[in-house]
Amino acid sequence: MKVYVIAGEPSGDALGGALMQGLNTLQPGIQYAGVGGPLMQAQGLTSQFPMEELSLMGIAEILPKYFHLKRRIRECAEAVIALKPDVMITIDAPDFCLRVAKLVKSKAPHIRTVHYVAPSVWAWRPKRAVKMAKCIDQVLALLPFEPPYMEAAGMECDFVGHPIATQEQATDAEADRFRLHYGIGEQPLLLVLPGSRRSEVTRLSPVFQQALAQVLEAEPDLQIVLPAAPAVAGMIEAGLADWPKRTIVLDPRELGEQADRIKKAAFRAADVALAASGTVSLELAAARTPMVIAYDMSWLSRKIISAMLRIDTVTLVSLVSDTRVIPELIGDQCKPELIAPYIAEVLNHPSEQLAAMSTTMQRLGEGGEAPGLRAARAVLRGLGK
């Protein structure tokens with residue numbers, strides 16, 4: 001069996017590595033080709049070129065590399081056609097991956113194509129699914145409500161579970177050790193998560209700082225912990241003087257190999273979190289950490305996106321659990337004076353969120369088979385194997 005697989009960023013490499021591990025378990029001896037990072041390479045892939053070439057975000061980063069990326073799209077498509085694989089699997093990174101799939105289907109329509117991570121057509125731009133169906137045969141979805149949208153557009157779609165739901169979480173003992181190590185003791189602990197991109201941290205940090213100052217007036221014993229994402233750790237360190245003095249920054253550059261485990265211990269130890277919108281809400285739900293979600297963008301982006309959105313919440317926990325108990329302050333609501341009272345309210349009355357978080361994790365596959373193995377079964381079933 002031959003499989004061509006593409007991932008364009010670290011999160012895709014993690015999904016790809018787990019999927020390949022599942023395929024190797026169910027169908028040993030597979031020949032792999034494609035593009036991926038260290039986790040996929042550990043499962044038997046020799047990457048056609050460094051995955052980092054595809055890990056670009058935003059117009060400013062992409063434009064200088066436009067012609068190089070176009071050449072890489074063509075090279076990948078040519079490699080697929082030459083290999084004649086049983087299946088081509090593309091993982092997230094739709095701007096690159098779906099262009100490769102389109103070229104492959106135009107020249108070799110018999111090659112089966114699978115895309116891992118459904119586009120969020122339920123949130124905005126629903127016509128993307130119809131366009132995608134012209135070059136993709138099967139979709140592997142992370143969220144349980146996504147298959148009907150993909151199937152309506154003409155693609156097969158399997159919900160395979162979200163990797164966060166089956167990740168090992170920190171124990172209560174690890175949370176206690178975290179509190180002891182950082183001298184927090186029994187004080188209430190607030191996590192601050194202002195995003196993983198420089199643009200997010202630049203926009204949200206001043207708002208979060210002012211909100212925290214207001215919360216500390218009412219809760220002077222509150223301890224603040226800020227787990228910095230790797231891409232913005234230096235930026236946060238440089239601006240640390242602007243944060244409340246009671247802020248402990250978890251810098252992954254200093255924590256080394258233990259960074260992820262310490263971050264999970266912090267999530268488990270926290271009483272409440274103030275977080276930017278995104279997948280982090282699922283990480284908090286997995287740790288059963290009550291949260292307040294806040295996010296803002298430029299005035300123009302705010303107007304465009306609000307006009308295109310087809311949902312009344314952007315928090316994944318709220319969408320998956322079909323509840324609206326998590327405070328969400330987006331756009332013109334993302335103001336310190338509005339955020340602060342919600343933090344105090346959730347800190348003192350966290351219980352109604354706990355049920356929503358448990359429902360979310362159950363629906364995403366908590367306690368069940370690993371998503372990589374479920375995804376592998378879905379791929380093989382689509383091939384009739």
Side-chain angles (χ1 to χ4, degrees), residues 1-56 65 67-119 132 134-140 142 155-156 158 160 163 370-385:
M1 183 174 169
K2 292 186 288 188
V3 174
Y4 190 96
V5 57
I6 306 173
E9 54 193 352
S11 60
D13 183 46
L15 289 172
L19 168 60
M20 291 169 65
Q21 184 178 33
L23 287 171
N24 290 336
T25 299
L26 300 172
Q27 190 91 13
I30 293 174
Q31 176 188 339
Y32 293 105
V35 180
L39 298 176
M40 292 167 64
Q41 291 172 34
Q43 295 299 321
L45 174 71
T46 299
S47 190
Q48 191 170 326
F49 53 82
M51 183 188 73
E52 288 72 23
E53 291 187 20
L54 309 183
S55 299
L56 300 172
K65 303 280 187 180
F67 292 106
H68 178 73
L69 288 171
K70 280 198 73 173
R71 186 173 77 250
R72 289 305 198 195
I73 290 168
R74 186 180 66 253
E75 289 172 356
C76 285
E78 290 171 350
V80 175
I81 293 164
L83 180 66
K84 299 178 182 176
D86 296 85
V87 61
M88 178 182 78
I89 304 171
T90 53
I91 304 172
D92 211 2
D95 290 336
F96 185 89
C97 288
L98 297 184
R99 283 176 168 83
V100 175
K102 183 179 178 181
L103 273 179
V104 169
K105 277 295 186 185
S106 68
K107 297 182 179 179
H110 60 282
I111 293 177
R112 184 169 178 80
T113 52
V114 175
H115 189 70
Y116 196 174
V117 183
M132 184 174 164
K134 295 176 181 177
C135 61
I136 295 296
D137 299 309
Q138 180 184 17
V139 178
L140 306 177
L142 302 185
M155 293 171 282
E156 300 170 35
D158 295 86
V160 298
L373 192 57
R374 291 178 65 176
R377 289 192 199 283
V379 170
L380 294 173
R381 186 168 57 249
L383 291 168
K385 295 183 181 290

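- Atom-to-atom distance recorded for Leu373:CG and Asn24:CG is 11.5 Å, nearest 0.5 angstrom.
- For Arg72 and Phe96, the positive end is not near the middle of the six-membered ring at less than 6.0 Å and at most 45° from its axis.
- Gly44 and Met20 make their closest contact through N-CE, 4.3 Å (heavy atoms, listed as atom of the first residue, atom of the second, distance).
- Of all non-hydrogen atoms in Ala376 and Gly22, the two that sit nearest each other are CB-C, 3.5 Å.
- Side-chain atoms of Asp86 and Tyr4 form no donor-acceptor pair, as typed in the model, at a separation below 3.5 Å.
- A 4.5 Å side-chain heavy-atom check between Arg99 and Pro94 finds every atom pair outside the cut-off.
- Checked against side-chain hydrogen bond (donor to acceptor under 3.5 Å, both in side chains), Arg112 has the following partners two or more places apart in sequence or in another chain: Gln138, Glu156.
- Heavy atoms only, all atoms of each residue included: Leu39 and Ala14 are closest at CD1-CA, 3.6 Å.
- Look at Arg374 and Asp158 and you find no salt bridge, because none of the NZ, NE, NH1 or NH2 atoms lies under 4.0 Å from a carboxylate O.
- Proximity of a side-chain donor or acceptor of Lys2 to a complementary backbone N or O of Leu83 within less than 3.5 Å is detected.
- Residues Leu380 and Leu23 have side chains in contact (heavy-atom distance under 4.5 Å, counting atoms from C-beta outward).
- Note that NZ of Lys385 and CZ of Arg377 are 16.0 Å apart. Values are rounded to the nearest 0.5 Å.
- Under the 4.5 Å side-chain criterion, counting only non-hydrogen atoms from C-beta, Asp13 is not in contact with Leu15.
- Under the 4.5 Å side-chain criterion, counting only non-hydrogen atoms from C-beta, Leu98 is not in contact with Asp95.
- In summary, of the residues considered (Ile89, Val160, Val3), a side chain to side chain contact (heavy atoms under 4.5 Å, CB included) with Leu19 occurs for Ile89 alone.
- At least one side-chain heavy atom of Leu103 sits under 4.5 Å from a side-chain heavy atom of Ile73.
- Between Val5 and Tyr116, the closest side-chain pair of non-hydrogen atoms is not below 4.5 Å.
- Taken from NZ in Lys84 to CD1 in Ile111, the straight-line distance is 9.0 Å, to the nearest 0.5 Å.
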side-chain contact (heavy atoms from CB on, under 4.5 Å) between Met155 and Met132, worked out: CA-CA 9 Å; Met155 293 171 282; Met132 184 174 164; 4.0 Å; yes

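- Atoms NE2 and CD, from His68 and Glu53 in turn, are 3.5 Å apart once rounded to the nearest 0.5 Å.
- Rounding to the nearest 0.5 Å gives a distance of 11.0 Å between CD of Gln31 and CG of Leu45.
- Side-chain contact check for Cys76 versus Val35: some heavy-atom pair is nearer than 4.5 Å.
- Nearest approach of Ala77 to Val104, heavy atoms of both residues: CA-CG2, 3.9 Å.
- Residues Gln43 and Tyr32 are not in side-chain contact: their nearest non-hydrogen atoms beyond the backbone lie 4.5 Å or more apart.
- By the side-chain hydrogen bond (donor to acceptor under 3.5 Å, both in side chains) test, Lys105 pairs with Asp137, sequence neighbours left out.
- A donor-acceptor pair is defined here as one N or O able to donate and one able to accept, closer than 3.5 Å; no such pair exists between the side chain of Glu9 and the backbone of Leu54.
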Run Ser47 and Met40 through side-chain contact (heavy atoms from CB on, under 4.5 Å) and show every step you take. CA-CA 9 Å; Ser47 190; Met40 292 167 64; over 6 Å; no

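- Atoms CD1 and CE, from Ile91 and Met51 in turn, are 10.0 Å apart once rounded to the nearest 0.5 Å.
- Side chain of Thr113 to backbone of Cys135: a donor-acceptor contact under 3.5 angstrom is found.
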